[in-house]
Amino acid sequence: MAPLPNKRQNLLPSGFISVREILDHKRGVGNLLNVIGVVKDFRAPVPTRRSDWKCEIRLYDNSAEDDSSNSLAINIFRPENEMPNPRLGDVIVLYHAKLQSHAETLSLVTHWTTDIYIYAANQIPRPPEGAKEALRPQPRKTTQSPGQVVHEYVSFLYHCIDKSNLPTEAEFQDMKVKSTIVTEKFKQLKDVRDGIFADVVVQLVKQPYDTGDKITLWVSDFTENDSFFHFVYTGLGAFAGQSADPEGHLATLPFGADPGTGEWKGPFGKRSMQVTCFDPHTTVIRERGLSTGSWVMLRNLQIKYGRNAANLEGFLREDRWASSLKINIVQMDVTDTESPDPHLKEAVRRKREYEREKKDQVQGIFNAAMAGKKRKSDMAEMGLPLSDKPKKKNKNRSKARKRAAEQKSSSVVSTAYSEVKCEYDNKPISTIGDILDPVYIQTDVNGNQVKLQLPFVNVNYRANVRVVNFMPPDLEDFAQPKKLTEYDILSDSEESDIELVSEGEAMVDRATAREWEWRFFLELEDANPPEDDREKKKTLWVAVNNLSAQCLLSLDASDLQQDEKNLEALRQRLFLLWGELEEKKSLEEDRKYQAALANRELNRPPPNSSDDESGSPQKQDVEPSQISNRPFTCCIHQYGVQVPEENPLKADAGEGKRWQRMFGLFGTRIAYN
DNA sequence: GGTTACCGGGGTTACGGT
């Protein structure tokens with residue numbers, strides 16, 4: 001007969017916490033905890049991406065023994081030769097194990113200061129004798145060590161705990177072996193077949209549909225599977241269902257998205273699969289706020305035909321035999337450019353290819369429509385495109401930048417026009433008025449010829465201008481923390497046009513920003529305004545993105561609040577461009593500020609480079625007449641961005657979105673000594 | 001100072017959406 005344990009042995013030694021208390025959130029994540037438990041499962045060491053290896057021990061104690069699911073994992077990251085090798089039923093004493101919430105589950109993880117002691121189950125004496133002799137040798141140096149109180153508690157715990165839920169020795173060994181077998185289950189959606197289970201990396205392409213007990217997702221990895229539903233791209237044909245306004249203009253033009261109905265926004269073709277998720281995954285989708293645009297890994301996704309027996313679907317169910325809650329939906333980090341997941345990277349690359357092809361196709365449709373429908377004089381109004389292929393833009397800008405670098409050391413003749421260089425110096429000049437003129441196409445809607453205003457066209461121009469204003473008002477803010485998009489995960493990520501509101505961008509904190517980019521706006525007026533514009537000079541806001549600004553300034557962006565040298569260089573270059581505009585604007589700002597203080601009206605319109613009536617910076621912060629800065633020739637391109645639009649009649653870029661015409665500067669360089 | 005990682009096996013609930 002085993003002697004009854006005495007009272008002292010019965011009590012968890014002070015400084016230790018029970019498994020039950022941990023699972024009941026009695027301690028916060030991040031705390032370092034001391035825990036004593038019995039080994040019920042072990043996943044053998046596997047290499048990690050770093051130099052450490054990783055193994056996992058699952059523990060339970062007598063606070064949680066009546067429920068087989070109440071056990072706690074300790075994740076051990078250490079060099080391979082310091083890995084513990086516990087056996088079934090061994091007692092583990094942990095010091096300073098960090099509590100974490102990983103994969104939506106509470107678990108322990110080793111910390112710098114964690115010590116792990118293992119007592120061999122078959123050597124633990126019956127209480128009240130302490131288990132000191134059962135201690136396995138330590139593979140590494142420790143800072144804490146168990147005393148007699150702990151040794152005695154180990155004996156008590158091992159002999160008194162309910163072991164009926166422990167696996168058999170054979171089962172334990174089997175699980176341990178299986179834990180190292182990693183079969184590649186990853187599949188691209190193009191390769192999924194009826195009846196298989198697969199891991200996939202996909203993007204949510206539609207808002208999750210939540211019925212309470214289940215959530216259905218539409219996902220794509222931008223591969224095609226013949227067994228998926230075919231989403232037809234209606235494209236330009238979609239406006240046949242819309243009505244023209246009394247003047248024969250359509251208010252909107254669908255362009256790469258479906259109008260009004262807000263239904264399918266792509267990808268089109270057989271690239272998307274429906275996935276039905278059940279608990280516990282639904283909870284994660286809600287709590288993480290997964291939504292359109294989120295990239296996720298779905299593990300062990302069951303693939304089979306849906307009820308209509310025509311299209312393959314995915315099913316994400318709970319893991320039946322998992323020893324604890326197992327979450328098979330994991331959000332992917334598209335901002336991790338350091339060590340991007342290769343599957344994610346490939347999927348993002350395919351998405352970019354898909355978007356490029358779609359854009360080219362849509363542009364092609366426009367070009368064909370315009371070539372067929374427009375009179376020649378209309379073409380002249382467009383400002384004679386220098387190139388109508390958006391793809392060439394970057395090449396041209398790179399060339400300009402390269403030339404800028406080449407000419408860096410060359411001497412510059414200091415005349416008004418020669419201090420700013422521009423690409424395409426043999427191309428005709430457009431006026432601001434030309435550039436601002438909307439472009440129409442004649443087309444056939446339900447048998448009627450209507451004149452249709454395009455929301456924007458991808459066209460390049462050259463113009464003689466001078467700068468009359470700029471945004472943001474402080475030069476320090478001309479450089480911003482680099483905004484990350486999902487395409488940044490690709491090593492050949494390209495410059496993107498400045499958008500007013502962009503989706504999928506991760507907000508970057510100024511304090512933690514590693515990379516900076518130029519991002520500012522210039523308001524331009526004609527250097528030699530046409531006669532009819534003399535009374536009310538037309539102006540145009542152009543966005544200057546990072547590449548254009550590098551070309552313009554021959555400077556790289558940095559944190560200008562810290563980098564005074566770069567700020568001063570920026571100020572000098574811009575002086576060559578706009579003379580004393582900054583000083584005058586600053587004086588004007590001061591004057592206005594004083595006036596506003598007096599009037600208690602400090603609200604200012606937001607910065608904006610569009611030509612839209614509602615959104616453009618209408619207020620002239622500086623009177624153009626006061627400006628005596630230098631005229632120069634520059635390249636301007638027109639492009640479109642999507643902006644939120646609550647009015648469904650105006651939402652021509654899909655649900656809640658409208659196309660907004662924008663202008664950007666490119667291929668222009670300030671020469672300097 | 002505090003990341004790294006998350007086995008196997010064989011699938012019901014629900015009935016919508018393109």
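Note that this is a predicted model, so its numbers are computed, not measured. Heavy-atom basis, side chains included; hydrogens, waters and symmetry copies ignored.
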Under 3.5 Å donor-acceptor pairs involving side-chain atoms of residues 191-202 of chain A, not counting sequence neighbours:
unit_1, atom_1, unit_2, atom_2, d
A/Arg193, NH1, A/Lys190, O, 3.4
A/Asp194, OD1, A/Tyr305, N, 3.3
A/Asp199, OD1, A/Asn300, N, 2.8

**OP:** Could you tell me the separation between the CD atom of A/Glu313 and the P atom of B/dG16, rounded to a whole number of Å?
**Re:** 12 Å
Original post:
Rounded to whole angstroms, how far apart are CD on A/Glu184 and P on B/dC7?
Top reply: 12 Å
**OP:** Sequence neighbours left out, what pairs pass salt bridge (Lys or Arg N to Asp or Glu O under 4.0 Å) with at least one residue falling in residues 25-39 of chain A?
**Re:** none
**OP:** Report yes if a donor N or O on one partner sits less than 3.5 Å from an acceptor N or O on the other, where the partners are the side chain of A/Asn300 and the base of B/dG11; otherwise report no.
**Re:** yes
**OP:** Looking at every strand, decide which applies to A/Lys185 at a 4.0 Å heavy-atom threshold: base, sugar-phosphate, or nothing.
**Re:** base
Subject >> Exam field: side chain A/Asp61 to backbone A/Val38, donor-acceptor pair closer than 3.5 Å >> reply: no
Original post:
Which residues satisfy the side-chain contact (heavy atoms from CB on, under 4.5 Å) test with A/Ser145, sequence neighbours excluded?
Top reply: A/Tyr117
Original post:
Rounding to a whole Å, what distance do you find between A/Asp319:CG and B/dT12:P?
Top reply: 14 Å
Subject >> By side-chain contact (heavy atoms from CB on, under 4.5 Å) - contacts of A/Thr143 (at least two apart) >> reply: A/Asp115
Subject >> Members of residues 218-229 of chain A that approach DNA chain B, where some heavy atom sits under 4.0 Å away >> reply: A/Trp218, A/Phe229
Original post:
With sequence neighbours excluded, what pairs up with A/Asp341 under the side-chain hydrogen bond (donor to acceptor under 3.5 Å, both in side chains) test?
Top reply: none
Original post:
Do A/Lys176 and B/dG8 have a side chain to base donor-acceptor pair shorter than 3.5 Å?
Top reply: no
Subject >> Partner residues of A/Glu80 under the side-chain contact (heavy atoms from CB on, under 4.5 Å) criterion, sequence neighbours left out >> reply: A/Trp53
Subject >> ring pair (Phe, Tyr, Trp, His ring centres under 6.0 Å) involving A/Phe16 - partner list, sequence neighbours excluded >> reply: A/Tyr95
**OP:** Let me have DNA chain B in dot-bracket notation, would you? Count Watson-Crick plus G-U wobble pairs, both distances under 3.5 Å, and use [ ] for pairs crossing earlier ones and | for inter-strand partners.
**Re:** ..................
Original post:
Is a donor-acceptor pair below 3.5 Å formed from side chain A/Gln100 to base B/dG2, judging by atom type as modelled?
Top reply: no
Original post:
Ignoring hydrogens and angles, are the base of B/dT3 and the side chain of A/Arg50 linked by a donor-acceptor pair under 3.5 Å?
Top reply: yes
